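Following: one structure in structure tokens, then a few remarks.
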There are 2 protein chains.
Amino acid sequence: MKASYLRIRIESSSPGHAIKAADIVASIQKEILKNPSAQGCRLPPIRILAHQLGMSKNTIQIAYEELVSRDLVTSKQRQGYFVRTLPSYKKSSRQIEAGKATFRQLFRPLKYFETGDMIHLGIAFVDPHLLPTQKLTECCHSVLNQPGLLSAYDTQGYPPLREKIAQRLNQRGMPAHADHIVLTSGSPQGIGIVCLALQNRHIAFENPTTPTRKRFFELNSYALTGLPVDPFYGIGLDQWETIIAEERPNLLYLVGSYHQTTGYSHTTQELEGILKLSREYRFGILEDDWGSDMLSFSDYRSPLRTLGGGNIIYMNSFTKKLLPSFRIGYLLGNEENIDALIAAKHALTLGNSPLIEAILFEFLDRGYYDSHLKHLHSKLDKRYRNCLKQLRKRMPEKVKWTTPGGGTALWIEVPKAIHLPQLEASLLKRKVKIPNLTEAFLGPPTLHGFLIGYAYLPEDKLNHAVTILGEEMDKLLN
Amino acid sequence: MKASYLRIRIESSSPGHAIKAADIVASIQKEILKNPSAQGCRLPPIRILAHQLGMSKNTIQIAYEELVSRDLVTSKQRQGYFVRTLPSYKKSSRQIEAGKATFRQLFRPLKYFETGDMIHLGIAFVDPHLLPTQKLTECCHSVLNQPGLLSAYDTQGYPPLREKIAQRLNQRGMPAHADHIVLTSGSPQGIGIVCLALQNRHIAFENPTTPTRKRFFELNSYALTGLPVDPFYGIGLDQWETIIAEERPNLLYLVGSYHQTTGYSHTTQELEGILKLSREYRFGILEDDWGSDMLSFSDYRSPLRTLGGGNIIYMNSFTKKLLPSFRIGYLLGNEENIDALIAAKHALTLGNSPLIEAILFEFLDRGYYDSHLKHLHSKLDKRYRNCLKQLRKRMPEKVKWTTPGGGTALWIEVPKAIHLPQLEASLLKRKVKIPNLTEAFLGPPTLHGFLIGYAYLPEDKLNHAVTILGEEMDKLLN
């Protein structure tokens, strides 16, 4: 077994300036005598130590030879210098097993995208076949020719992309300045940045939220407040007020349109009520507007920030609409909070990859994104319409579902007479998977159903799965 | 001013299945009557609502016309349908300013890479001109031709890269399995993942640490324990034990070699002592081995994991050695903790960019990384030797410095007679910048100096800056 190298520290009376051979002898001798398990270890090769200390190899050799003469070290031809092993020394395994940190019991998440021949009804992403990989690849090739791009990163994010995003937001009627934008690696990082910058980490959110968001908040041990939303009847502002008055959160994480789990979009009245509550009870709002570009007619669901002003932190991403693998989004803050947001991002990650950011800039700049969205919308609209048609055809009477008109998913509410785990199991036997969304709820679930991600599946697969779903539900109801 | 769209919710007795024109009339009427500020708002265009609800445009039109006949809505030729404005209604600005979240007072970090004509002595990165942008660009072009790469992400990280890293670790004498590796977007994310997965977030670290690490821990409100390290005299294991016995951290974040602030590398005896403490006081170790590839002769500083076994979480990154803009690294866990690590990464980010991961795989697979490292080492060794030479030539007698022999920086300790802020100011006038590292210390600084990042500056710039440094120090000492 090859001998370990001995890691040593050379002490001297004027460190750096002048390290004498005598310093080396003294330091190594001390190390050897203090440390029985040094026996048999190899000393650093002469040229290494010489390089490290900035001394000549000669001087190191003199020091090593002195250690040999003191019977502390032996020299093996062409192998180097070794700490002498005393006869009584037992050559035991030198490994001392380290202690363990206590980790939480966490289960790894399911591999989302690999479903094999199973039809997964609950994936709220866009079908990758509808995504513009070809044009993105083009942009990537082009971007790589830019000098200097790869050498550094800007904590706040690639400036031309921030400018471009600000421009587009302004065009949509949201005043925005590039200086107030922070690029992210997607919404999870965006939420992480905002939360890290908060003084008081008490977060409120619509309940249900998404399992990932809830897990993030819980793992970070934030104080949490769930505000109930029924996608069929909306929210009770009085109920929200009672909860908020009691719990006094610092920030509300709100998905204004096309909630990722329920598909719900707040009414104008609800948004106005929420804004009033935020003023009265002094909490901020982080608006997750991920879905707004998922509507052909995005003017019709104005972001909350255009209604409630610059105190609202506006968040969006390109993940779902462009490429899940791209991991890029942004936050829009304001003059007051932008420093805190940038500082938090810096602490979290120093900076994200400018390569990705530059590719996206190119893609936007060439107009590819807008033509992509147009194309995407028409495909998704078709899938949505087909989904509604299939549901009407196949779902038992007592089943109901939301009609978001945008986003990537809708919610199916199932009568309590149908035991969801049983439904899940019988569907699995027929190679159809529905998601279990109990983890999306803070506290006991207030809804009894699951989401259908119509944007992910080609129509024939969706039709097949919905037919089977209807059949299995019928069985359980009769 | 263009009218806002009214966001509405249509309720029906069998949501999804059958939404009748009467449902639409009732829902919109309720919205209008309940909500005075709905006046003057535009209703969703007929085709939008038809699409959303999956109904015919005819039916929507019938509903809208009914609302007109009830005097709730007016129709404007070619503009659409609007909620009727009562004569008494004041057309006020509809904006209700949202409340504010309380943010911490955080200052944005300095723009690190832009120094203009200032010579920044304290940048601990590698000179970007020494980095292989050309070959990385080649790999990127090649990777883009792979089908399916951009469509999804693997939470744990691009499998071929994990395999490759495991292979390389095995070759270095560290048993490693691809299944136990989690790819990261750099060490900040790596630390974030480990901390998020911890049961009890009490972190110990060498003091000084780095300003960014400290800020990250503080912003997350973890309990913190600083363990003093003097780069000239090492650590006092007894002192560490006393502190640990009292404070009982759950995890020790340890930079075994080439500490980013001081350049310090622990001796074998110190590492063995630390391992014993970790067993006795039951804490885990997160080893940051970023610098090991920064030594020409990396065998000579074995990672702690090869000594202390698989309980040690091993972390490394490609950032400093390859490209700061690449943001990629990894964690090596074990069978016990890997699920928690993957789950924590998923909560933090879902997944990182497989494009970047695939480019790095290509770069490793072609052997470019190893030849790059060889080339880099010889350049950095030269800069290191030159730096030592300059310091010996220019530094006043009482100044001392460390001799790490690897990494990217060394620590200069300055006599207390020199007032550091004054030195900083006088250097700035001569266009030389030294870093203020008080923020690297938990508690009052135990060292009085700063780091010199010799790897970042070309030799002529370093020589110039060190000459000026020597002159200004002389002035302050006399």
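Computed from a predicted model, the values in this text were never measured in an experiment. Chain letters run A, B, ... following the sequence lines, proteins first, then strands; residues in each count from 1.
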Does a sphere of radius 6.0 Å around CZ in A:R392 hold more than 12 heavy atoms from other residues, nucleotides or ligands, not counting ones at 6.0 Å or beyond?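 Buried by this count: over 12 neighbours within 6.0 Å.
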Options [options], ranked by heavy-atom pairs under 4.5 Å with chain A, top entry:
| options | answer |
| --- | --- |
| B:K400, B:R215, B:E97 | B:E97 |
| B:R213, B:Q199, B:K398, B:M395 | B:Q199 |
| B:S185, B:A344, B:G186, B:P45 | B:P45 |
| B:G309, B:G192, B:G351 | B:G351 |
| B:E280, B:E413, B:R385 | B:R385 |
| B:S278, B:P231, B:G173 | B:S278 |

For chain B, find which of [options] contributes the most heavy-atom pairs closer than 4.5 angstrom.
| options | answer |
| --- | --- |
| A:S187, A:A18, A:G234 | A:G234 |
| A:L198, A:L286, A:L275, A:T212 | A:L198 |
| A:I19, A:I285, A:L53 | A:L53 |

With a 4.5 Å cut-off on side-chain heavy atoms, are [Y] and [X] touching?
| X | Y | value |
| --- | --- | --- |
| B:L196 | A:N220 | yes |
| A:F103 | B:D339 | no |
| B:Q189 | A:T349 | no |
| B:I10 | A:T403 | no |

Heavy-atom donor-acceptor pair, [X] side chain to [Y] backbone, under 3.5 Å:
| X | Y | answer |
| --- | --- | --- |
| A:R327 | B:P354 | no |
| B:Y384 | A:Q52 | yes |
| B:R9 | A:H266 | no |
| A:R104 | B:A340 | no |

Rounded at 0.5 Å granularity, tell me how far [atom1] in [X] sits from [atom2] in [Y].
| X | Y | atom1 | atom2 | result |
| --- | --- | --- | --- | --- |
| B:L219 | A:H346 | CG | NE2 | 11.5 Å |
| A:F232 | B:S13 | CZ | OG | 12.5 Å |
| B:L106 | A:N337 | CG | CG | 11.0 Å |
| A:R7 | B:Q269 | CZ | CD | 13.0 Å |
| A:S353 | B:I359 | OG | CD1 | 8.0 Å |

Taking side chain as everything from C-beta outward and backbone as N, CA, C, O, which of these in [X] sits under 4.5 Å from a heavy atom of chain A? Side chain, backbone, both or neither.
| X | answer |
| --- | --- |
| B:E397 | backbone |
| B:L341 | side chain |
| B:I412 | neither |
| B:K389 | neither |
| B:I313 | side chain |
| B:Q156 | side chain |
| B:P44 | neither |
| B:T306 | backbone |
| B:Y233 | both |

Identify which part of A:L49 has an atom lying under 4.5 Å from any heavy atom of chain B, answering side chain, backbone, both or neither.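 Neither part; nothing is under 4.5 Å.
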Relative to chain B, which segment of A:Q105 carries a heavy atom at a distance below 4.5 Å: side chain, backbone, both, or neither?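 Contact with chain B: none, neither part.
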Can you find a side-chain donor-acceptor pair between A:T155 and B:R108 that sits under 3.5 Å?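 No - no donor-acceptor pair under 3.5 Å links their side chains.
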For the residue pair B:T102 and A:N250, confirm or rule out a side-chain donor-acceptor distance under 3.5 Å.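 Their side chains do contain a donor-acceptor pair, which is all the 3.5 Å distance test asks for.
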Kindly give the heavy-atom pair with the smallest separation between [X] and [Y], and that separation in Å.
| X | Y | value |
| --- | --- | --- |
| A:S221 | B:R201 | OG-NH1, 3.7 Å |
| B:N35 | A:E272 | OD1-OE1, 3.7 Å |
| B:G99 | A:N311 | O-CB, 3.4 Å |
| B:I8 | A:T267 | C-CG2, 3.8 Å |
| B:A101 | A:L251 | CB-CD1, 3.9 Å |
| A:P188 | B:L348 | CB-O, 3.2 Å |

Would you call the rings of A:W401 and B:H17 parallel, tilted or perpendicular if under 30° counts as parallel and over 60° as perpendicular?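 A:W401 vs B:H17 ring planes: tilted.
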